[in-house]
Amino acid sequence: MSVNLTLILVASVLVGTGAYLFLSRSLVRALMGFLLMGNGVNLLFIIGSGPAGSPPIVGADDGGPMADPVPQALVLTAIVITLAMTAFVLALAHRGWQVGRDDLVADDTESARIHARAEADDLGSEPGAREQAEEIAAETERSERGHHGRRDEGATDEEGGTA
Amino acid sequence: MSNGYAWMVPLLVLLPLIGAGLTLAAAGRTAVQRVVSVTALSGMTVLAGVLLWASDTQGPQVMFVGGWAANEGIVLVVDRLAALMVIVSTVVTLAVLAYSIGQGASGFDEESDGHSPLPVFHPTLLVLAAGVTTTFISGDLFHLYVGFEMLLAASFVLLTLGGTAERVRAGTTYVLVSLLSSIIFLAAIGLTYGATGTINLALLSERLGEIAPGTAALLQLMLLVAFAVKAAVFPMSGWLPDSYPTAPAPVTAVFAGLLTKVGIYAMIRTQTLLFPGSPFSDLLLVAALLTMIVGILGAIAQDDIKRMLSFTLVSHIGFLLFGIALGSTHGLAAAIFYVVHHITVQTTLFLVLGLVERVGGSTDSTRLGDLARISPLVGVLFFIPAMNMAGIPPFSGFLGKVGLVQAGVAEGSWLALLLVAGSVLTSLLTLYAVAKVWGRAFWSENARGITGQGPVRGGHHDALGLGVLAPTMALVAVGLTLTVVAGPLFDITTRSAVDLVLREPYLDAVLGVGAEAGP
């Protein structure tokens with residue numbers, strides 16, 4: 001089977017740039033990465049469906065070879081699913097902005113706390129690690145309070161907007 | 001061989017989807033939503049029971065959607081394994097639904113507008129059930145992907161219910177990891193189609209043997225990676241303990257029970273049907289060992305009981321993977337038995353944790369104390385499934401582990417024996433992790449916990465209503481029943497495993513009937 005080199009190159013560029021964007025901490029950039037990768041994979045289906053041909057519609061046959069309809073159906077489904085997922089991620093990013101005024105994916109403070117505590121246990125007399133553990137615990141408390149504060153603020157913003 | 005019950009197969013998906021539509025239309029009318037949801041899930045349970053009987057006595061039930069033959073359209077197949085998974089997952093979902101109903105408005109305080117639970121909960125749970133069932137009964141790789149996406153979309157909504165800052169953070173990680181695994185899965189499907197010209201599982205099992213071994217190995221590895229992310233196999237397991245504990249108790253319970261097991265099911269199905277005699281069984285054994293050990297070491301380090309249980313969830317995925325990697329009839333039979341046990345027990349434990357949170361106001365073991373005296377009933381309800389999970393005789397966890405160990409010893413290679421040692425060690429460490437939180441939260445004398453800070457907020461006064469107790473007790477009872485019916489259950493899982501290894505019953509059912517149904 002001969003394949004279309006241009007399509008392969010385009011697909012790999014899409015997936016490559018998508019993977020790069022996906023590694024970003026910013027949720028919207030990661031979403032862009034997901035979309036690019038998704039389109040790259042959709043092209044993969046088209047490549048896999050073999051050589052181009054006339055439309056696979058009954059009655060539209062011009063005597064030439066017909067394109068394989070199955071991958072087209074699959075790609076259509078995949079596009080629809082991607083659209084739905086995109087809508088959800090955008091809503092999530094919007095909500096993240098409302099509650100945290102931030103688009104970046106935050107760290108899990110609980111695992112950071114346990115990690116620092118374990119280090120403090122291991123090192124025993126080392127003062128630095130223990131202080132660090134306490135610092136992280138305090139930071140967690142602060143950020144919890146901060147989130148609540150900011151959430152209230154967000155709520156009033158919303159009310160202000162709707163009023 | 002008879003296909004007389006095939007008409008029931010699509011109903012397994014249609015019922016919850018119709019229910020989801022109705023409950024969505026009835027948003028705000030909580031009573032209507034409850035009736036519809038309970039009816040839909042009960043109906044599914046009955047259907048799954050009948051189909052389990054039919055597939056056990058009369059062979060796999062096959063439905064050709066739209067009357068298309070196997071190579072053109074989507075095929076739905078219910079064999080013993082699929083029917084067993086559907087019935088267990090539906091029972092568990094039903095219990096979680098009953099629990100969330102029993103919680104009443106108070107349980108969703110943070111999410112609700114004050115007088116009713118969030119209207120989106122019921123439809124989303126039903127879509128989740130439909131998605132999970134779709135993956136179990138699908139006989140087509142792309143349809144499997146669609147099922148995954150259905151349950152993922154529903155799980156995204158459930159995980160971020162209410163949209164608090166903590167849930168948005170956890171949800172972001174979960175969503176991104178899930179999307180990535182979906183992309184890998186989709187790419188694998190595209191390549192599979194390019195290589196073989198079909199995505200029907202039965203046809204694939206014939207054609208994959210004819211293509212170059214290197215290509216087949218690539219496809220197998222891509223599918224394995226995609227499913228391993230969903231099943232939380234180490235090193236793709238980091239997302240799970242990070243995201244699950246933040247959700248409301250019923251949501252975490254249903255996630256812990258079902259979502260990872262869907263990945264495991266997909267692995268069992270593809271490994272046995274598409275790639276028999278896999279060249280990667282050693283790789284899977286190593287991954288299983290690491291999943292067990294790393295998971296359980298993570299569990300020991302945790303203070304929060306919810307996080308501890310999430311880590312044991314990851315750890316025990318290793319047991320399931322062990323059985324799959326062995327690939328023998330014994331190994332698969334034990335793994336399927338263990339899946340049934342694991343779904344029930346993990347869901348039960350997270351529901352009990354919901355009770356702990358209602359009584360003690362927290363799930364942080366350093367802030368809890370003396371729970372065994374404050375509420376002996378919750379103590380018993382926690383103790384039984386916890387011991388079950390750790391694998392203490394005579395509970396079903398012990399039986400499942402014995403089955404796996406026997407299968408490992410029968411295999412006899414040094415890696416399999418290492419796995420046997422690893423699984424025994426993991427069981428002991430599970431017992432240690434469970435005993436640690438038990439000692440702190442239930443037996444320590446200081447009711448304000450070892451930190452003396454006490455819970456973040458007081459418990460509910462009506463914390464232990466019958467509405468939340470009854471479903472939890474019912475699930476604990478189901479867990480105990482698994483011990484009682486272990487003999488017949490093991491017989492069924494063994495017959496499923498024999499079919500899986502033979503492959504003929506599945507292929508005959510799909511392709512044989514396909515030839516008759518085709519034009």
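Heavy-atom basis, side chains included; hydrogens, waters and symmetry copies ignored. Residue numbering restarts at 1 for every chain, and letters A, B, ... go by the order of the sequence lines. Quick caveat, the model's predicted, so the values are computed rather than measured.
Using a 4.5 Å cut-off between heavy atoms, B/T172 contacts chain A through both its backbone and its side chain. Proximity to chain A is limited to the side chain of B/F142, based on heavy atoms less than 4.5 angstrom apart. Looking at A/M37, both its backbone and its side chain come within 4.5 Å of chain B, counting heavy atoms on both sides. Both the backbone and the side chain of A/A78 have a heavy atom closer than 4.5 Å to some heavy atom of chain B. Contacts of A/L92 with chain B are made by both backbone and side-chain atoms, with heavy-atom separations under 4.5 Å. Looking at B/I189, the atoms closer than 4.5 Å to chain A (heavy atoms on both sides) sit in the backbone and in the side chain alike.
Enclosure of atom CZ in B/R207 by more than 12 non-hydrogen atoms of other residues, nucleotides or ligands within 6.0 angstrom is indicated.
Heavy-atom pairs under 4.5 Å with chain A peak, among B/S178, B/A170, B/G190, at B/G190. Chosen from B/I199, B/V157, B/L176, B/L191, the residue pairing most often with chain A at heavy-atom distances under 4.5 Å is B/L176. Counting heavy-atom pairs closer than 4.5 Å to chain B, the top-ranked of the candidates A/T82, A/V75, A/V70 is A/V70.
With rounding to the nearest 0.5 Å, the separation of OH in B/Y193 from CG in A/D68 is 3.0 Å.
Contact check for B/T160 versus A/F88: side-chain heavy atoms found under the 4.5 Å cut-off.
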>> Could you go through A/I81 and B/L186, starting from their C-alpha distance and side-chain angles, then the distance that decides it, and tell me whether this counts as side chain to side chain contact (heavy atoms under 4.5 Å, CB included)?
In response: CA-CA 11 Å; A/I81 291 174; B/L186 195 59; over 6 Å; no
>> Let's go through B/L179 and A/V89 carefully: what are the C-alpha distance in whole Å and the side-chain angles of both, what is the deciding distance for side chain to side chain contact (heavy atoms under 4.5 Å, CB included) to 0.1 Å, and is it a yes or a no?
In response: CA-CA 10 Å; B/L179 290 180; A/V89 176; 3.9 Å; yes
